[in-house]
Undergrad: 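Pasting a structure here, questions to come.
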Amino acid sequence: MLHLFRYFSIHHHETLLLQIPSFGNSIQHINFNSEEKPKENSVSDMLVDSFGRIHTYLRISLTERCNLRCKYCMPAEGVDLTPTSQVLTKDEILRLAGLFVSSGVNKIRLTGGEPTIRKDIEDICFELSSLKGLETLCMTTNGIVLARKLPKLKECGLTSLNISVDTLVPAKFELMTRRKGHNKVMDSINAAVDLGYDPVKVNCVVMRGFNDDEICDFVELTREKPINVRFIEFMPFDGNVWNVKKLVPYSEMLDTVAKQFTSLKRVKDHPTETAKNFTIDGHKGKVSFITSMTEHFCAGCNRLRLLADGNLKVCLFGPSEVSLRDPMRNGAEDHELREIISAAVKRKKPSHAGMFDIAKTANRPMIHIGG
């Protein structure tokens with residue numbers, strides 16, 4: 001049962017105490033105190049759901065196309081991609097992003113597919129970074145072509161980077177991604193460090209029997225460089241052959257790291273933080289765990305997703321989507337688009353269904369949703 005004691009009010013100094021059930025009998029609590037909530041009138045009601053959560057973080061998938069074929073993202077037989085004519089244009093992306101930012105979104109992350117293969121990526125970054133009110137422009141990338149594009153992207157306003165790599169062994173990389181290019185990814189990580197990105201976030205999906213033996217090797221990346229290694233629990237999406245036996249839970253990953261790095265220490269995280277973050281004495285970087293399956297963080301969710309085909313998705317694991325592309329192309333004015341967005345946000349559920357129900361629920365492949 002859900003218990004909501006007090007709703008957050010944008011116009012009043014109140015506190016939200018939201019209780020949402022976790023997978024066991026425990027209750028998750030999130031408390032937004034006066035220091036953590038936005039300033040008065042800074043966020044439109046469009047971004048506040050029926051449980052008081054404020055959505056100031058928008059993830060935009062620029063394309064469904066990718067230059068890798070990662071097994072947890074794309075089925076072996078491939079997927080049908082949205083025709084180019086039905087993918088959002090640069091102007092459409094900028095219009096929608098402007099609506100969200102003017103309503104209170106202060107962080108945008110560009111995803112894919114692989115966002116760096118989009119030819120107008122630099123122009124998109126420059127235009128987005130110029131939006132008044134946007135504080136952070138991030139990108140999640142596989143790093144294959146990033147090294148040569150990154151200097152220009154930084155000039156165009158890209159402020160933060162997540163680079164995905166699931167193994168430090170080139171042969172295993174080729175097995176997982178069905179492509180070569182491990183050295184290019186590692187070059188991109190080093191290029192990001194050299195250009196001053198701090199931290200450079202490295203995303204690693206941990207799968208039993210594939211890369212769970214490399215956890216401590218990844219932690220070593222944080223010793224000499226400002227790298228934040230983020231271990232992600234394997235999540236179910238259409239076509240990725242998810243099985244609970246492949247899942248390495250947070251508790252097990254944490255135990256593995258703590259045994260070898262005894263000074264591992266948890267840091268205090270913001271209520272909307274998706275990761276559980278840790279420091280290690282003598283290391284320049286950090287270690288984090290994203291525990292979507294075993295310890296969800298739905299109570300503090302502040303994220304919305306705009307897919308490459310123009311659909312708005314309010315929950316990564318929920319099948320519900322609403323098109324913004326179609327009404328926009330049919331002449332909808334900004335206030336009408338805001339109404340559609342607001343209605344979708346208000347329908348957002350208090351939490352996702354849990355990993356076993358998620359695995360049985362129809363959802364799109366990750367390549368369609370955006371990483």
Undergrad: Taking the side chain as every heavy atom from C-beta outward, state whether Glu233 and Phe289 have any atom pair closer than 4.5 Å.
TA: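 No, side chains not in contact.
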
Undergrad: If the condition is side-chain contact (heavy atoms from CB on, under 4.5 Å), which residues does Glu252 pass it with, not counting sequence neighbours?
TA: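 Residues passing side-chain contact (heavy atoms from CB on, under 4.5 Å) with Glu252: Arg208, Val248, Pro249.
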
Undergrad: Using only heavy-atom distances, determine whether the side chains of Ser288 and Asn277 contain a donor-acceptor pair under 3.5 Å.
TA: yes

Undergrad: Determine, for Asp334 against Arg95, whether the closest basic-nitrogen to carboxylate-oxygen distance falls under 4.0 angstrom.
TA: yes

Undergrad: Should Val169 and Met186 be regarded as members of a common hydrophobic cluster, given that ILVMFWY residues are connected when their side-chain heavy atoms come within less than 4.5 Å of each other, either directly or indirectly?
TA: no

Undergrad: Same cluster for Val165 and Val145 if Ile/Leu/Val/Met/Phe/Trp/Tyr side chains link at under 4.5 Å?
TA: yes

Undergrad: Are the side chains of Val87 and Thr63 in touch, meaning some heavy atoms are under 4.5 Å apart?
TA: no

Undergrad: Please name the pair of heavy atoms, one in Val257 and one in Cys216, separated by the smallest distance, quoted to 0.1 Å.
TA: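 Closest pair (atom of Val257, atom of Cys216, distance): CA-SG, 4.4 Å.
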
Undergrad: Applying side chain to side chain donor-acceptor pair (under 3.5 Å), can you list everything that pairs with Lys346, at least two apart in sequence or on another chain?
TA: Asp45, Ser342

Undergrad: Would one find more than 12 heavy atoms of other residues, nucleotides or ligands at under 6.0 Å from atom NZ of Lys284?
TA: no

Undergrad: Is there a side chain to side chain donor-acceptor pair (under 3.5 Å) between Asn211 and Asp166 once you walk through the steps?
TA: CA-CA 7 Å; Asn211 61 352; Asp166 304 311; 5.0 Å; no

Undergrad: Under 3.5 Å, side chain of Asp212 to main-chain N/O of Gly209, donor-acceptor pair present?
TA: yes

Undergrad: To the nearest 0.5 Å, what is the distance between CG on Leu134 and CZ on Phe100?
TA: 13.0 Å

Undergrad: Between Asn302 (side chain) and Tyr57 (backbone), is there a donor-acceptor pair under 3.5 Å?
TA: no

Undergrad: Go through it in stages, so that I can follow the logic: the residues are Val202 and Thr222, the test is side chain to side chain contact (heavy atoms under 4.5 Å, CB included), and I'd like the CA-CA distance, side-chain angles, deciding distance and then a yes or no.
TA: CA-CA 10 Å; Val202 173; Thr222 71; over 6 Å; no

Undergrad: Between Val105 and Ile340, is there a shared hydrophobic cluster once you connect ILVMFWY residues whose side-chain heavy atoms come closer than 4.5 Å?
TA: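 In one cluster: yes.
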
Undergrad: Do Thr136 and Asn106 come close enough that some side-chain heavy atom pair is under 4.5 Å?
TA: no

Undergrad: Evaluate Glu220 against Arg223 for salt bridge (Lys or Arg N to Asp or Glu O under 4.0 Å), listing each step before the verdict.
TA: CA-CA 5 Å; Glu220 283 292 342; Arg223 188 181 294 275; 2.8 Å; yes

Undergrad: Does Arg325 use its side chain to pair, donor to acceptor, with the backbone of Asp309 at less than 3.5 Å?
TA: yes

Undergrad: Shortest non-hydrogen contact from Ala97 to Leu128?
TA: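 Heavy atoms of Ala97 and Leu128 come nearest at CB-CD2, 3.5 Å.
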
Undergrad: Does the side chain of Leu68 come within less than 4.5 Å of Glu114's, by heavy atoms?
TA: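 No, their side chains stay 4.5 Å or more apart.
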
Undergrad: To the nearest 0.5 Å, tell me how far Asp123 CG sits from Ile93 CD1.
TA: 11.5 Å

Undergrad: Against the six-membered ring of Phe51, is Lys348 placed for a cation-pi contact (under 6.0 Å from the centre, within 45° of the normal)?
TA: no

Undergrad: Taking Asp255 for the side chain and Ser251 for the main chain, is one N or O donor matched with an acceptor at less than 3.5 Å?
TA: no

Undergrad: Checking Thr177 against Asn142 for the side chain to side chain contact (heavy atoms under 4.5 Å, CB included) test, could you report, in this order, the C-alpha distance in whole Å, the side-chain angles of both residues, the deciding distance, and whether it holds?
TA: CA-CA 10 Å; Thr177 66; Asn142 61 30; over 6 Å; no

Undergrad: With a 4.5 Å cut-off on side-chain heavy atoms, are Arg347 and Val314 touching?
TA: no

Undergrad: Would Ile117 and Ile124 show up in the same hydrophobic cluster when neighbours are defined by side-chain heavy atoms closer than 4.5 Å?
TA: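 Different clusters.
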
Undergrad: Please state whether the rings of Phe231 and Phe218 are parallel, tilted or perpendicular, taking 30° and 60° as the class boundaries.
TA: perpendicular

Undergrad: After noting the C-alpha distance and the side-chain angles of Met46 and Leu99, does the key distance pass the side chain to side chain contact (heavy atoms under 4.5 Å, CB included) rule?
TA: CA-CA 10 Å; Met46 179 186 91; Leu99 282 178; 5.5 Å; no

Undergrad: Minimum heavy-atom separation for Leu312 to Ala344, with atom names?
TA: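 Nearest heavy atoms, Leu312 then Ala344: CD2-CB, 4.0 Å.
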
Undergrad: Run the side chain to side chain contact (heavy atoms under 4.5 Å, CB included) check on Leu158 and Leu150 step by step: do they pass?
TA: CA-CA 9 Å; Leu158 186 67; Leu150 191 52; 4.2 Å; yes

Undergrad: Is the backbone N or O of Thr116 less than 3.5 Å from a side-chain atom of Lys149, with the two atoms forming a donor-acceptor pair by type?
TA: yes

Undergrad: Nearest 0.5 Å please: distance from the CE atom of Met207 over to the CD1 atom of Ile232.
TA: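 CD1 of Ile232 is found 10.0 Å from CE of Met207.
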
Undergrad: Using side-chain heavy atoms (C-beta onward) and a distance below 4.5 Å, is Asp281 in contact with Thr262?
TA: no

Undergrad: Without swapping roles, check the side chain of Glu336 against the backbone of Glu333 for a donor-acceptor pair under 3.5 Å.
TA: yes

Undergrad: Using atom types as modelled and distance alone, determine if a side-chain donor or acceptor of Thr291 lies under 3.5 Å from a backbone N or O of Thr294.
TA: no

Undergrad: Using modelled atom types and a 3.5 Å cut-off, is there a donor and acceptor pairing between side-chain atoms of Ser263 and backbone atoms of Ile280?
TA: no

Undergrad: Under a 4.5 Å cut-off applied to non-hydrogen side-chain atoms, are Glu92 and Arg329 in contact?
TA: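 In short, these two side chains touch, coming nearer than 4.5 Å.
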
Undergrad: Determine, stepwise, if the pair Lys172 / Glu214 fulfils salt bridge (Lys or Arg N to Asp or Glu O under 4.0 Å).
TA: CA-CA 11 Å; Lys172 289 169 68 174; Glu214 296 185 63; 2.7 Å; yes

Undergrad: Distance check, rounded to the nearest 0.5 Å: Lys313 atom NZ versus Cys315 atom SG?
TA: 7.5 Å

Undergrad: Hey, could you give me the CZ/CD1 distance between Arg305 and Ile60, rounded to the nearest 0.5 Å?
TA: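 Between Arg305 CZ and Ile60 CD1, I get 12.0 Å after rounding to 0.5 Å.
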
Undergrad: Using every non-hydrogen atom in the two residues, find where Arg118 and Leu62 come nearest and quote the distance to one decimal.
TA: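 For Arg118 and Leu62, the tightest heavy-atom pair comes out as NH1-O, 2.8 Å.
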
Undergrad: Using every non-hydrogen atom in the two residues, find where Pro350 and Cys298 come nearest and quote the distance to one decimal.
TA: O-CB, 3.6 Å

Undergrad: Mind listing the closest non-hydrogen atom pair of Pro226 and Asp198 along with its distance?
TA: CB-OD1, 3.2 Å

Undergrad: Hydrophobic clusters here meaning ILVMFWY residues chained together by side-chain heavy-atom distances under 4.5 Å, can you tell me if Leu168 and Val287 are in one?
TA: yes

Undergrad: Could you measure the distance from the OG atom of Ser50 to the NZ atom of Lys349? Nearest 0.5 Å is fine.
TA: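 Here the interatomic distance stands at 11.5 Å.
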
Undergrad: Going by the side-chain contact (heavy atoms from CB on, under 4.5 Å) test, name the single residue among Leu153, Thr140, Leu137 that passes it with Leu110.
TA: Leu137

Undergrad: Should we say atom CD of Glu224 is surrounded by more than 12 heavy atoms from elsewhere, each under 6.0 Å from it?
TA: no

Undergrad: Within the structure provided, determine whether Ile144 and Arg179 are in side-chain contact (heavy-atom separation under 4.5 Å).
TA: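 A side-chain contact is absent here, since even the closest heavy-atom pair is not under 4.5 Å.
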
